[in-house]
K.L.:
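Please find one structure pasted underneath; my questions will follow.
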Amino acid sequence: MSRILKYGEKAAVTKEERDLPYFKYFERDMAPVPAEKLALLDKVQLRVVPVA
């Protein structure tokens, strides 16, 4: 059974996966998300699941 990783935690990788030519891109840090985009996400979540 798989589990949800915590922020900053890396998943286990097999030797075959590490040898793939595009694996180096998975080792990069994710790009930051602009604050205005996060604000839009908060608005959408409030519409879908209202806070009681």
K.L.:
Within a 6.0 Å radius of atom CZ on F26, are there more than 12 heavy atoms belonging to other residues, nucleotides or ligands?
P.N.:
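Open.
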
K.L.:
Side-chain donor-acceptor pairs under 3.5 Å in residues 13-20, sequence neighbours left out?
P.N.:
{"from": "T14", "atom 1": "OG1", "to": "E17", "atom 2": "N", "distance (Å)": "3.1"}
{"from": "T14", "atom 1": "OG1", "to": "E17", "atom 2": "OE1", "distance (Å)": "3.3"}
{"from": "K15", "atom 1": "NZ", "to": "D19", "atom 2": "OD1", "distance (Å)": "3.2"}
{"from": "K15", "atom 1": "NZ", "to": "D19", "atom 2": "OD2", "distance (Å)": "2.8"}
{"from": "E17", "atom 1": "OE1", "to": "T14", "atom 2": "N", "distance (Å)": "2.9"}

K.L.:
Enumerate the residue pairs fulfilling side-chain hydrogen bond (donor to acceptor under 3.5 Å, both in side chains) with a member in residues 20-40, sequence neighbours excluded, ordered by first and then second residue.
P.N.:
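For residues 20-40: none.
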
K.L.:
When Ile, Leu, Val, Met, Phe, Trp and Tyr are grouped by side-chain heavy atoms lying under 4.5 Å apart, directly or through other members, which residues fall in the same group as L38?
P.N.:
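Via sub-4.5 Å side-chain contacts, L38 links to V33.
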
